[in-house]
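Everything below concerns the one structure shown next.
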Amino acid sequence: MAGRPVNVTVLGAGVIGLTTAMLLSRDKRFNITIIAKHMPGDYDIEYASPWAGANYLPVGQHGTLLAKLERESWPELSRLAREVPEAAIHFQDTVVYRREKDSQQTGPVSTWMKSLVENDPWYAGVVPDFRLLKSHELPPGHESGMAFTSVCINTALYLPWLMGQCLKHGATVKRGIVKHVSDAAHLHASGSKADVVINCTGLSSKTLGGVKDMELYPGRGQIILVRNESNLMVTTSGTDDGDDEATYIMQRAAGGGTILGGCLQANNSDSNPDPNLATRILKRSLAVCPALIADSAPGAGVEAISIVRHGVGLRPMRKSGPRVDKERIGKTWVVHSYGHGGYGYQSSYGSAYMVAGLVDEILEGRAGVGVERAR
Ligand code: FAD
């Protein structure tokens, strides 16, 4: 490959594919083509990224790959919040409220929140201003909690910003649908076969030829985008409405509105918002965050919340956590980066750095540590 650029096809234009493509496209060694069925601007049940809140609330258990990816993502997300206003990421005061009874539960939401709500979590040393809340700062029904500074990303602006960065650094972007992951190598814009394919197809890696990862499953999330401002990010350890229902609130940067959530419904792919769940989300949100209507209609009920739209997205959940590794399939080197569940934004930079390292290993011939198998 010496003497010519290394041709890389990035398959997928969600937050994982675009962050990876942006990072690689800044490196002059690479000639990047992005191929995807869905692009920023699309809203589709097969495309998770636009539906995310999105914020940084680390949920990876200490010592896991996910925790490492989350830890490594914070510096760049916070730098963007500080220095790059057009990326539409801002800092927000953040609180997590805990109920003792949720710590005994093993349902989807309690499991999801387990690390986040620990008394002395690993991320206390990562995010600024971490402290435990005092009892007078807690809403009714909660015994403890923590506060820190985190970031919230306006995904409607951030995904196009990522794409713009890729274009600025010379990447080519094409719509395309592949049936087998190796086929992406033949769609490189140079007309030559790509040296490496980066597989960032999210949940679709469950059905994509050459991958068919049966560890993947959809984790349905329902959200409401509202005009009201919370000026605070709020998350609770659980709800009384079922073990797959959650309460979280985050105000997006740059007029992006406030996201109210939600749920984590395993193996449910229904793209239609459930109106009863939407009512529960509104009621729970107002109970823990009266600030939503404090200025416009103090003391009023959920009717004072001004709804922009309801939405449903499918988190690409994977039983053993995200997959970031390399594999030779037939004659094609593939680096996989998928299965980022409900944490794709907060682990996006860590994942992209890891992919870049794996691409270097391939180029340096350190191929032995990867898996090899026939197409
Ligand atoms: P996707 O965004 O699904 O992108 C997959 C890409 O691959 C698409 O471009 C698709 O078209 C393409 N593709 C797939 N198959 C093919 C094919 N065969 N041929 C061509 N192209 C193909 N994360 C956070 O960090 N913080 C949050 O606050 C947060 N909140 C969330 C709230 C909700 C309601 C939901 C649903 C998710 C949330 N997430 C959050 C999780 C986050 O959205 C996902 O982890 C992330 O979007 C996954 O990105 P991805 O790029 O892997 O997949």
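Ion pairing between a basic and an acidic side chain is recognised when a charged N comes within 4.0 Å of a carboxylate O; Arg131 and Asp129 show no such pairing. Contact check on Glu46 versus Lys37 returns a salt bridge, with a Lys/Arg side-chain nitrogen under 4.0 Å from an Asp/Glu carboxylate oxygen.
Using cut-offs of 30° and 60° on the angle between ring planes, the pair Tyr43 and Trp51 is perpendicular. Taking the six-membered ring where the residue is Trp, Tyr158 and Tyr345 present tilted rings, their angle falling between 30° and 60°.
A 6.0 Å sphere centred on CG of Asp93 holds no more than 12 heavy atoms belonging to other residues, nucleotides or ligands.
Aromatic ring centres of Trp74 and Tyr349: separated by at least 6.0 Å. Under the 6.0 Å cut-off for aromatic ring centres, Tyr123 and Tyr56 do not qualify, their centroids lying 6.0 Å or more apart.
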Requested in this report: With side-chain contact (heavy atoms from CB on, under 4.5 Å) as the test, would you mind laying out the steps for Asn199 and Val335 before giving the verdict?
Outcome: CA-CA 6 Å; Asn199 171 30; Val335 179; over 6 Å; no

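Under the 4.5 Å side-chain contact rule for hydrophobic residues, Leu23 and Leu159 share a cluster.
A donor-acceptor pair shorter than 3.5 Å cannot be found between the side chains of Asp270 and Asn268.
One finds the CG atom of Leu11 at 11.5 Å from the OG1 atom of Thr20 (value rounded to the nearest 0.5 Å).
Heavy atoms only, all atoms of each residue included: Leu264 and Gly219 are closest at CD1-CA, 3.9 Å.
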